[in-house]
Amino acid sequence: MSEPTSNNAGIAASAAPVNFIHQMINDDVASGKNQGRVHTRFPPEPNGYLHIGHAKSICLNFGTALKYNGVCNLRFDDTNPEKENLEYVESIKASVQWLGFDWQDRLFYASDYFDKLYECALTLINQGKAYVCSLTPEQARLYRGTLTEPGKPSPDRERSVADNLDLFSRMKNGEFADGTYTLRAKIDMASPNINLRDPVIYRIRHQHHHQTGDKWCIYPMYDYTHCISDALEGITHSLCTLEFEDHRPLYDWTLDQLGLPCHPQQIEFARLNINYTVMSKRKLKQLVDEKLVNGWTDPRMPTLEGMRRRGYTPAAIRNFCEMVGVTKSNSLVEVGQLEYCLREDLDATAPRAMCVLRPLKVVLSNYPAEQTDVLRLSRHPKDASMGEREITFTRELYIDRNDFEEVPPPGFKRLTVGGEVRLRGAYIIKCEQVIKDANGVITELHCSCDMNTLGKNAEGRKVKGVIHWVPAALAIPVEVRMYDRLFEHPAPDAAEGDYRDNINKNSLVVLNALVEPSMANTPAEHRCQFEREGYFCTDRFDSKSGALVFNLTIGLKDTWAKQQ
RNA sequence: UGGGGUGUCGCCAAGCGGUAAGGCACAAGGUUUUGAUCCUUGCACACGUUGGUUCGAAUCCAGCCACCCCAGCCA
């Protein structure tokens, strides 16, 4: 099921209580600031795939624009060519789109502004607010001071404007090797805020850039670039995460020196953290590089591409982001909340089918071999518009091994020797005989079928258990990939030892299952519920007709398992 | 021992001086041909802590404590 490319307008405006950012924007709109205009941006660096944490930022930025009738840009913060590439650019675009947001014609790159950024640097130099520094990284660190001691001025701090201009242009022209010079903003080496101790704003990097090729060998730094990019795009509210709070004075300083006509307001919010997973790009990349998962799109990854492949819906992710809210307090959200949102959406939208994960043969001794019943079962218990599917009932069937116990635990409602159970949508059967092989392994069950119970409960008799089944000769063999959480520890980052030591060895178990015949032509990326088991999605890349592959998206709530 | 932040139920999170919203989780019932869904009910005399201001404080003030971020030529 490929997602309808819904545009922003298709996403309902938030019903959640206004968060602190929206309160600030409400005030701005009320006071006529920016003429009431609201313009945001989502600014990823293309150095990896987007993850669920980015979804929070995407929903916030695009959602805010939506709420205030404004617009939101997609801008790649591509100032460090060393870590970036086109694969990441493409993946990010696809993920934002998949989530349901539309940047229309507003796709930008910070690298679009390299010329303008260079001019601004010249302006700073001419104002005596920037200088070319020859300190090595090690020396610069020493000169910077510490958290409790002020820094010392670089020997180059008072270099003349003319010399600075000359040196900077030669940096640009490629006369110097990487690391020999930097351009620094001249602010305050004694500032208690270390970001203001003459931060580097340009460095030399003889590096090919995925957008600008080999045009540049000097690249601007984030702090210098971001505020100017925001201003050039007419951004009104620049939303970023908490770790940039200390950078805000630099953001403002830069724009103040330059006197640009637009001065966006930076507002910081807390990152999203979810338990039982890791969220840092460094670690996700490590999982990929060390082949601990099967690439960025592995269904166990918290990347949006991984979640998509797993079967998550964009709506579930959006609802989740709205549900957890936006604040400034660091939090660790339980995965259960994400899973709730997933089930909530899938329960309403996923058509039902039957799939036997661990097949156990059942022969109905009294059901005539030549007889069949063509049954019509609804695709959804509450949504008749989804229609019905056909399934043929036969003498030989398969049920799940977990639905039979020779020695049932108390409260067991499934099939037992001499016990009765309802076959979903069909008859009530009773187990008469258990067949085992030489090793004592159960190979087959012989049951009797109450022929008077199709579609009704005979003589007011009700059986407590209902189990699913597939017809033996007609069922379709499929591969089912059962996924579980990637980490066993609720906080892999905080756990003792390396986070990789907490990887769940059973996070992927492959099963050879049998699905009902109506699923024969299931297309890739189709979501459904296998009744009594969970929600599944045909693998976007590996599922082919004739060789279907289903990924477990999330199991149904299982209160029985919890009781055990 | 510098600077910037944050602390309300197990987890998120409203609250913005007038006497603690909501969701998730959990528990107990009910419905059910999915042990699912759905429905009902319960679940903070208490807001990190200690003082203060006030008729009244989670909300204002002060001190203290805890946790997070910052010393990349990363973002």
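Protein chains get the first letters and strands the later ones, always in sequence-line order, with residue 1 at the start of each.
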Next on the checklist: Starting the side chain at C-beta, find the nucleotide from B/C24, B/A71, B/G4 nearest to A/E245.
Outcome noted: B/G4
Next on the checklist: Over all strands shown, is A/P381 touching base, sugar-phosphate only, or nothing at heavy-atom distances under 4.0 angstrom?
Outcome noted: base
Checklist entry - Rounded to the Å, how far apart are A/D223 CG and B/C70 C1'? => result 11 Å
Checklist entry - Rounded to the Å, how far apart are A/I194 CD1 and B/G2 P? => result 13 Å
Next on the checklist: Say we look at B/A20 and B/C9: how far apart would their C1' atoms be, to the nearest angstrom?
Outcome noted: 11 Å
Item to check | Value in whole Å for how far the P atom of B/C11 lies from CZ of A/F320 | outcome: 15 Å
Checklist entry - Heavy atoms under 4.0 Å, any strand shown: does A/T146 hit a base, just sugar-phosphate, or nothing? => result base
Checklist entry - What about A/Q529, does its side chain sit under 3.5 Å from the base of B/U34 through a donor-acceptor pair? => result yes
Item to check | Electrostatic pair A/E268-A/K328, nearest N-O below 4.0 angstrom | outcome: yes
Next on the checklist: Regarding B/U37, can its base be found pairing with the side chain of A/K382 as donor and acceptor, where the two atoms are less than 3.5 Å apart?
Outcome noted: yes
Next on the checklist: From C-beta outward on A/Q23, which listed nucleotide comes closest to its side chain: B/C73, B/U33, B/C16?
Outcome noted: B/C16
Checklist entry - Which part of the nucleic acid, if any, lies within reach of A/L135 when heavy atoms closer than 4.0 Å are counted: base, sugar-phosphate only, or nothing? => result base
Checklist outcome for this item: Assign each of A/T148 and A/R532 the nucleotide of RNA chain B bearing its closest heavy atom; nearer the 5' end lies the nucleotide of A/T148
Item to check | Between P of B/A75 and CD of A/E84, the distance in whole Å | outcome: 8 Å
Next on the checklist: Using atom C1' in both nucleotides, what's the gap between B/A14 and B/A44 to the nearest angstrom?
Outcome noted: 14 Å
Checklist outcome for this item: Regarding the side chain of A/K83, the nearest nucleotide among B/C74, B/U37, B/G72 is B/C74
Item to check | Pair A/S329-A/T327, side-chain donor/acceptor within less than 3.5 Å | outcome: yes
Checklist entry - Is B/U1 paired to anything, Watson-Crick or G-U wobble with both distances less than 3.5 Å, and if yes, which nucleotide? => result none
Next on the checklist: For A/K328 and A/I204, find the nucleotide of RNA chain B closest to each by heavy atoms; which residue's nucleotide sits nearer the 5' end?
Outcome noted: A/K328
Checklist entry - With a non-hydrogen cut-off below 4.0 angstrom, is A/E45 in contact with a base, only sugar-phosphate, or nothing? => result sugar-phosphate
Checklist entry - Mind checking whether A/Y118 and A/W216 have parallel, tilted or perpendicular rings, split at 30° and 60°? => result tilted
Checklist outcome for this item: A/E516 CD to B/U34 C1', in whole Å, measures 13 Å
Checklist entry - Looking at A/E82 and A/R205, does any basic side-chain N land under 4.0 Å from a carboxylate oxygen? => result yes
Next on the checklist: Syn or anti for B/G18? Use the chi torsion, O4'-C1'-N9-C4 for purines and O4'-C1'-N1-C2 for pyrimidines, with syn inside 90° of 0.
Outcome noted: anti
Checklist entry - If you measure from the P atom in B/U54 to the same atom in B/C70, how many Å do you get, rounded? => result 43 Å
Checklist entry - Looking for any heavy atom pair under 4.0 Å, which part of the strands does A/Y222 touch: base, sugar-phosphate only, or nothing? => result base
Checklist outcome for this item: Quick note, A/D246 side chain, CB onward, closest among B/G10, B/C70, B/G35 is B/C70
Checklist entry - Any N or O donor-acceptor pair linking the side chain of A/Q563 to the base of B/G35 at under 3.5 Å? => result no
Checklist outcome for this item: Between CZ of A/F244 and P of B/C74 the distance, given in whole Å, is 14 Å
Checklist entry - So, A/R343 and A/D347, do they make that salt bridge, N to O below 4.0 Å? => result no
Next on the checklist: My understanding is that a pair needs two contacts under 3.5 Å, Watson-Crick or G-U wobble. By that rule, which nucleotide pairs with B/U49?
Outcome noted: B/G63
Checklist entry - Among B/A36, B/G2, B/C73, which is the nearest nucleotide to the side chain of A/R144? => result B/C73
Checklist entry - Heavy atoms under 4.0 Å, any strand shown: does A/Y219 hit a base, just sugar-phosphate, or nothing? => result nothing
Item to check | Residue-phosphate contact under 4.0 Å: A/S329 side-chain N/O, B/A13 OP1/OP2 | outcome: yes
Checklist entry - Is the A/W296 ring parallel, tilted or perpendicular to the A/Y88 ring (thresholds 30°, 60°)? => result perpendicular
Next on the checklist: Would you measure the distance from the C1' atom in B/A62 across to the matching atom in B/U53 and give it in whole Å?
Outcome noted: 11 Å
Next on the checklist: Within the 4.0 Å heavy-atom criterion, would you say A/H247 contacts the bases, only the backbone, or no part of the nucleic acid?
Outcome noted: base
Next on the checklist: Distance check needed: B/A36 P versus A/D400 CG, whole Å only.
Outcome noted: 17 Å
Checklist entry - What nucleotide, of B/U34, B/G5, B/U33, holds the atom closest to the side chain of A/E531? => result B/U34
Checklist entry - Any salt bridge between A/K281 and A/E45, counting N to O under 4.0 Å? => result no
Checklist entry - Is a donor-acceptor contact shorter than 3.5 angstrom present between the side chain of A/R343 and the base of B/U37? => result no
Checklist entry - Looking for any heavy atom pair under 4.0 Å, which part of the strands does A/R184 touch: base, sugar-phosphate only, or nothing? => result nothing
Item to check | Nucleotide nearest A/D347 (side chain, heavy atoms from C-beta), chosen from B/G3, B/U37, B/C11 | outcome: B/U37
Item to check | Residues in contact with RNA chain B, drawn from residues 172-183 of chain A - heavy-atom cutoff 4.0 Å | outcome: A/G179, A/T182
Next on the checklist: Classify A/M354 by what it touches in the nucleic acid, base, sugar-phosphate, or nothing, heavy-atom distance under 4.0 Å.
Outcome noted: nothing
Checklist entry - Touch check for A/T327, heavy atoms < 4.0 angstrom, all strands: base, sugar-phosphate only, or nothing? => result sugar-phosphate
Checklist entry - Are A/Y181 and A/D156 close enough that a side-chain donor and a side-chain acceptor fall under 3.5 Å? => result no
Item to check | Salt-bridge contact A/D230-A/R75 (side-chain N to carboxylate O under 4.0 Å) | outcome: yes
Checklist entry - Which nucleotide, in any strand shown, forms a Watson-Crick or G-U wobble pair with B/C38, with both distances under 3.5 Å? => result B/G30
Next on the checklist: Considering every strand and a 4.0 Å limit on heavy-atom distances, what is the contact class for A/G534: base, sugar-phosphate, or nothing?
Outcome noted: nothing
Item to check | Pair of N/O donor and acceptor under 3.5 Å linking B/G10 base with A/E334 side chain | outcome: yes
Next on the checklist: What contact category does A/G455 fall into here, base, sugar-phosphate, or nothing, at under 4.0 angstrom with non-hydrogen atoms?
Outcome noted: base
Checklist entry - Among B/A75, B/U37, B/G2, which is the nearest nucleotide to the side chain of A/K557? => result B/U37
Checklist entry - Hey, does the side-chain of A/R248 have a donor or acceptor N/O within less than 3.5 Å of a partner on the base of B/G4? => result no
Checklist entry - Taking atom types as modelled, is there a side-chain donor on A/S57 or A/N61 under 3.5 Å from an acceptor on the other? => result yes
Checklist entry - Testing A/R422, A/R532, A/K413, A/R358 for salt bridge (Lys or Arg N to Asp or Glu O under 4.0 Å) with A/D403, which one passes? => result A/R532
Item to check | Nearest-nucleotide pick for A/K462, side chain only, options being B/G72, B/A13, B/U33 | outcome: B/U33
Next on the checklist: Mind checking if A/F530 touches a base, just sugar-phosphate, or nothing, with heavy atoms under 4.0 Å?
Outcome noted: nothing
Item to check | Matching residue for A/W469 among A/F393, A/F530, A/F404, A/Y427 - test: ring-ring contact (aromatic ring centres under 6.0 Å, His included) | outcome: A/F393
Item to check | Closest nucleotide among B/C68, B/A13, B/G35 to the A/T559 side chain | outcome: B/G35
Next on the checklist: Nearest whole Å is fine: how far is B/C12 P from A/F20 CZ?
Outcome noted: 16 Å
